[in-house]
There are 2 protein chains.
Amino acid sequence: MSAPPPPPRPPARRGRGRPTSPVLTGDGITAEAVRLLEERGRDGLTMAALARRLGVSPSALYNHVATKQDVLRAVQDDVNRRIDCSGFDGPPWDEALARWAWSYRDAYARHPALVPIIAVTPVSSAPHTVAMYERVSAGLLAGGWPAHLVTNVVVAVESFVLGSALDTQSPEDIFDPGELDAPTVRTANAARPGGDTARAAFDLGLEALLTGLRAVLAQQGPQEG
Amino acid sequence: MSAPPPPPRPPARRGRGRPTSPVLTGDGITAEAVRLLEERGRDGLTMAALARRLGVSPSALYNHVATKQDVLRAVQDDVNRRIDCSGFDGPPWDEALARWAWSYRDAYARHPALVPIIAVTPVSSAPHTVAMYERVSAGLLAGGWPAHLVTNVVVAVESFVLGSALDTQSPEDIFDPGELDAPTVRTANAARPGGDTARAAFDLGLEALLTGLRAVLAQQGPQEG
DNA sequence: ACCTGAACACCGTTCAAGT
DNA sequence: ACCTGAACACCGTTCAAGT
């Protein structure tokens, strides 16, 4: 058998004979990866799929990123950039924290695949992520929190937010015991109001968490400003 | 080239000529999967690795499980079985909830790969998981919580627990801004006490959450018992 | 410097063939 | 009924070769 003719190629984007601007850039890869993740989900974001949408061969990506993990980190930073930290510029810390938490949850509800990554990824190469933490930390400090508790407050709220973001993905019947014997679970399910149940649970938990944090802060006594 | 001789095989576990008890069982696969996950982590749990440790070819597993997701679900239920719900048999609901939350967090800190799974997996084929929810729900109801809030309380605490379990996997320097400009983040990092920082954040958050939940319950007024 | 195409060492899963 | 071994359609990544 002779080799089949090469398949038709997408329109050439490169110049001929002389160096031109590169087809790919790091930012272009990140932007396309965000779209791909939103459209096709975690399993849809493959290096091959990403390359195809960029009109390039998979190996070309490796001139711009070292690994797929790199791409995910960049996507992450891009998502974090859009989280609303504006509350920390004026309103009281608890109100600001609530606004931040809602925005944070909504962002990761759209990108649940990123949850296991942010929990583990160092922040040092993610400028927008660092900027977010800077604003949140400054707001808490200005709100009267002692410096030694600031990071723990951030981590506690963040843990609740990320867990809640995962919960938004759960199917409606997740607590249906099926054939199994669980009368109280059935009772609680039946009594739970319909609608956006993940939202109701987040609302309850966030209110409780903030109430408790206010109590903790009140026990600390006034801080130096 | 002639085919190379077959490699030496592990000691035969099967009888000859007559039907014997099968090499594999669903429970045996689950138990080995738990060990593999603990020893080699998420990426170490492959169907091929699982089969090798069971002395069997990968395709043999598919006589007992439909997909790898099945294996993960069974592992999950096995992990949930060991979570401590004993508090709900006597102590007040808030104390019981705290004990449950700590035990739950510790279990998933050992199995962070399962976190994205439990958040999304229906409970109907997981008997130990249902039994856990049954005890927790009954304890909250007995503790005075109105039925329509029970599931939301469970989900809120669970979200915090699972997010915190992921946080236990974060590297020590996760908040180090590196070259980036983030003075308040630096201040907060420096003031944060060393030791088990994930534990300190969980402790703070859980205390706050429980304080807030007590306040929510107090507003509800007494319930029918 | 940046891209292509072939290749490598894996995945999870299917299926005909054996006993 | 339950296992083997070959095969399939993928992965992420590397690398020599081209311009």
Side-chain angles (χ1 to χ4, degrees), chain A residues 1 3-29 32-33 36-37 40-75 113 117, chain B residues 2-29 32-33 36-37 40-75 113 117:
Chain A
M1 291 221 291
R9 290 270 301 288
R13 301 203 195 181
R14 311 195 62 198
R16 294 184 182 86
R18 300 209 306 107
T20 58
S21 58
V23 176
L24 293 176
T25 66
D27 286 350
I29 293 173
E32 195 63 49
L36 192 52
L37 192 65
R40 306 247 190 267
R42 147 168 244 165
D43 294 342
L45 177 51
T46 69
M47 297 300 271
L50 187 52
R52 190 161 38 81
R53 292 183 38 145
L54 290 162
V56 114
S57 90
S59 53
L61 298 173
Y62 291 89
N63 287 299
H64 303 273
V65 298
T67 66
K68 185 182 178 180
Q69 194 71 11
D70 260 25
V71 176
L72 290 171
R73 272 195 277 267
V75 167
I117 299 167
Chain B
S2 60
R9 292 270 302 290
R13 302 203 192 178
R14 312 197 59 200
R16 292 183 183 88
R18 299 209 309 109
T20 59
S21 57
V23 176
L24 292 176
T25 66
D27 287 350
I29 292 173
E32 195 63 49
L36 192 52
L37 192 66
R40 306 247 190 268
R42 149 169 241 164
D43 294 342
L45 178 51
T46 68
M47 297 301 269
L50 187 53
R52 191 160 38 78
R53 294 187 30 151
L54 291 163
V56 114
S57 90
S59 53
L61 298 173
Y62 290 88
N63 288 298
H64 303 273
V65 298
T67 67
K68 185 181 179 181
Q69 194 72 8
D70 259 26
V71 176
L72 290 171
R73 272 196 276 267
V75 167
I117 299 168

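Chain letters run A, B, ... following the sequence lines, proteins first, then strands; residues in each count from 1.
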Task: His64(A) side chain, from C-beta outward: closest of dC2(C), dC11(C), dC3(D) - done: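 For His64(A), the side-chain atoms sit closest to dC2(C).
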Task: Nearest-neighbour nucleotide for the Ser57(A) side chain, dG12(D), dC11(C), dT4(C) considered - done: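 Given the options dG12(D), dC11(C), dT4(C), the side chain of Ser57(A) is closest to dT4(C).
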According to side chain to side chain contact (heavy atoms under 4.5 Å, CB included), who are the partners of [X], at least two apart in sequence or on a separate chain?
X: Ala113(B); answer: Leu37(B), Arg42(B)
X: Ser59(A); answer: Ser57(A)
X: Thr25(B); answer: Asp27(B)

Task: Within residues 61-70 of chain B or reaching into it, pairs that qualify as side-chain hydrogen bond (donor to acceptor under 3.5 Å, both in side chains) - sequence neighbours excluded - done: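 Applying side-chain hydrogen bond (donor to acceptor under 3.5 Å, both in side chains) to every pair that reaches into residues 61-70 of chain B, excluding sequence neighbours, yields Asp70(B)-Arg73(B).
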Sort me out a list of protein N/O and nucleotides 13-16 of chain C N/O pairs below 3.5 Å, or just none if empty.
unit_1  : atom_1 : unit_2   : atom_2 : d
dT13(C) : OP2    : Tyr62(B) : OH     : 2.7
dT13(C) : OP2    : Lys68(B) : N      : 2.8
dT13(C) : O5'    : Tyr62(B) : OH     : 3.3

[X] [atom1] to [N] [atom2]: how many Å, rounded?
X: Asn63(A); N: dC2(C); atom1: CG; atom2: P; result: 7 Å
X: Arg42(B); N: dG12(C); atom1: CZ; atom2: C1'; result: 15 Å
X: Leu24(B); N: dT4(D); atom1: CG; atom2: C1'; result: 12 Å

Task: Separation between CD1 of Ile29(B) and CG of Leu50(B), rounded to the nearest 0.5 Å - done: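 It comes to 6.5 Å.
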Open item on the list: My validator wants the stems of DNA chain D: runs of 3 or more consecutive Watson-Crick or G-U pairs, both distances under 3.5 Å, written as range with range.
Closed with: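 Detected stem regions: C:4-8 with D:12-16, C:12-16 with D:4-8.
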